[in-house]
Amino acid sequence: MNILLTGFEPFGGEAINPSWEVARSLHGQIIAGATVQARCLPTTFGGAPRALADALSVIRPKVVIALGLASGRAEISIERVAVNLIDARIPDNAGERPQDTPVRADAPAAYFSTLPIKAMRNALRAAGHPAGLSLSAGAFVCNQVFFELQHQLAGRDMKSGFIHVPALPEQAARAQPAVPSMGLSAQIDAIKLAIAVALAGDESQVPAPPDEGAPTS
Ligand code: PCA
C-alpha cells in the first residue's frame, strides 16, 4: 500500500521549501504498513496539476497528503477546504499571476478534506506539536493543487487533503518582517504522525484536548 506525499519546489525567491524537504526525507519510509512515495510538484499553475495527476496514476495511493509552505503561520496547519478560485498575489515560478479565475470552470465551488483532520490535529497536539485546523489554503498554487486533488479523487474510496507547514528557522532568520518558524526535524516528526493518524483513519480515535482552540482563518 502506498501513500503519496507531495511537496513543492521553492518559490517566491526562496532557495528552499520545507514542504519538499519534509516529503523527501520521508520517501521510502514505511508508516503504519504503508510506503511513503514522495513527489516534488512544480510551483506553477500550469505544471502542478499535471504532475499531481501523473503521480496519482503511477503510484495509485490509498492516502494522499499534499504539503506546502505557508510562511507566517506558526503551526502545522491542517487545511479543511479547497476553494475553486485562483487569485495569485505573487507570480508563480513560470511568471504567471492569474487572478479571479476558477481552478476548474466545470467544478463545484469547494471541496472538503477527506482526511480525519480533527484526529490528526488532536494527535499532533497531544504529542507536543503545534497544530491547528485552517479554513483557507489561500488562492495560490497550494489551493489549486488541493482543489485538483479533491476533484480528481471525488467519489473514490481514498483519503486526501492538504497540510501547510511553517517556514524553517533559516528562512525566518532572513524574513522582514519577522515570521514564526519550525525546525525541519520537528516538521518531519509532525508529518510522520499525521500520516499514521490518516492511515488509521478514525476521527474518534484521539480524544480532543481540553482547549479545542479556534480554527485559523
Ligand atoms: N506554498 C505556496 C505554493 C507552494 C508552497 O509551498 C502556497 O501556499 O500556495
Side-chain angles (χ1 to χ4, degrees), residues 1-8 18-23 25-26 29-38 61-83 110-138 142-143 145-147 149-150 153-154 156-169 179-217:
M1 182 164 72
N2 284 328
I3 167 158
L4 172 61
L5 185 67
T6 66
F8 279 99
S19 67
W20 173 237
E21 298 306 313
V22 170
S25 64
L26 293 176
Q29 285 202 25
I30 296 171
I31 301 175
T35 305
V36 177
Q37 299 286 348
K62 189 81 191 133
V63 171
V64 184
I65 299 181
L67 303 175
L69 164 67
S71 188
R73 294 206 191 166
E75 57 187 14
I76 300 288
S77 202
I78 303 164
E79 301 293 349
R80 299 191 83 153
V81 57
V83 295
Y111 286 104
F112 290 114
S113 174
T114 50
L115 296 172
I117 53 172
K118 287 193 173 171
M120 291 163 75
R121 187 266 321 264
N122 296 347
L124 288 178
R125 286 196 185 169
H129 300 291
L133 304 182
S134 162
L135 284 171
S136 175
C142 286
N143 174 72
V145 159
F146 184 17
F147 189 90
L149 178 61
Q150 302 311 100
L153 300 187
R156 313 235 320 245
D157 183 25
M158 291 162 71
K159 282 179 283 181
S160 58
F162 198 98
I163 300 177
H164 267 118
V165 297
L168 295 168
V179 295
S181 67
M182 188 183 290
L184 182 59
S185 62
Q187 295 198 21
I188 292 168
D189 288 349
I191 298 303
K192 221 167 149 172
L193 179 56
I195 291 170
V197 178
L199 286 162
D202 184 351
E203 278 289 14
S204 64
Q205 263 182 355
V206 183
D211 173 16
E212 261 279 305
T216 322
S217 56

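Count residues from 1 along the sequence. The basis for the numbers below is simple: all heavy atoms, side chains too, and nothing from hydrogens, waters or symmetry mates.
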**Q.** salt bridge (Lys or Arg N to Asp or Glu O under 4.0 Å) partners of Lys192, counting only residues at least two apart
**A.** none
Q: Could you check Val63 against Met1 for side-chain contact (heavy atoms from CB on, under 4.5 Å), going step by step and ending with a plain yes or no?
A: CA-CA 9 Å; Val63 171; Met1 182 164 72; over 6 Å; no
Q. About how many Å separate CZ of Arg121 and OG of Ser77, when rounded to the nearest 0.5 Å?
A. 11.5 Å
Q: Please name the pair of heavy atoms, one in Ala23 and one in Ala38, separated by the smallest distance, quoted to 0.1 Å.
A: O-CB, 3.2 Å
Q: Looking only at non-hydrogen atoms, find the nearest pair between Leu199 and Ala32 and report the distance.
A: CD1-CB, 4.0 Å
Q.
Is it the case that the side chains of Arg80 and Ser136 hold a donor-acceptor pair, with the cut-off being a distance below 3.5 Å and no angle test?
A. no
Run the side-chain donor-acceptor check on residues 158-166: report pairs under 3.5 Å with partners two or more places apart or on a different chain.
unit_1 : atom_1 : unit_2 : atom_2 : d
Lys159 : NZ     : Ala198 : O      : 2.6
Ser160 : OG     : Gln150 : OE1    : 2.7
Ser160 : OG     : Gln150 : NE2    : 3.4
His164 : ND1    : Glu79  : OE2    : 2.7

Q | Heavy-atom closest contact (Gly183 atom, Leu168 atom, distance) | A | C-CD2, 4.3 Å
Q: Give the minimum heavy-atom separation between Ala123 and Val197, together with the two atoms involved.
A: CB-CG2, 3.6 Å
**Q.** Test item: Ser19 side-chain N/O and Phe8 main-chain N/O as donor-acceptor pair under 3.5 Å
**A.** yes
(Q) Restricting to non-hydrogen atoms, name the atom on Leu124 and the atom on Ala190 that form the minimum distance, rounded to 0.1 Å. (A) CD2-O, 3.1 Å
Q) How many angstroms lie between CD1 in Ile76 and CD in Gln187, if you round to the nearest 0.5 Å? A) 5.0 Å
Q. CD1 of Ile195 to CD1 of Ile31: how many Å apart, nearest 0.5 Å?
A. 4.0 Å
**Q.** Interatomic distance, Met182 atom CE to Asp189 atom CG [nearest 0.5 angstrom]
**A.** 10.5 Å
Q: Please report the C-alpha distance between Lys62 and Asn2 in whole Å, then the side-chain angles of each, then the deciding distance to 0.1 Å, and finally whether the side-chain contact (heavy atoms from CB on, under 4.5 Å) criterion is met.
A: CA-CA 6 Å; Lys62 189 81 191 133; Asn2 284 328; over 6 Å; no
(Q) Could you walk me through whether Ile191 and Leu5 satisfy the side-chain contact (heavy atoms from CB on, under 4.5 Å) test, starting with their C-alpha distance in whole Å, then the side-chain angles of each, then the deciding distance to 0.1 Å, before giving a yes or no? (A) CA-CA 10 Å; Ile191 298 303; Leu5 185 67; 4.2 Å; yes
Q. Do Val64 and Leu149 have side-chain heavy atoms sitting under 4.5 Å apart?
A. yes
Q) Do you know which two heavy atoms are closest between Phe146 and Ala137, and how far apart they sit? A) CD2-CB, 4.1 Å
Q) What is the distance from atom CD of Glu75 to atom OG of Ser134, rounded to the nearest 0.5 Å? A) 9.0 Å
(Q) Between Leu184 and Val22, does the side-chain contact (heavy atoms from CB on, under 4.5 Å) criterion hold? Intermediate values first, please. (A) CA-CA 7 Å; Leu184 182 59; Val22 170; 3.8 Å; yes
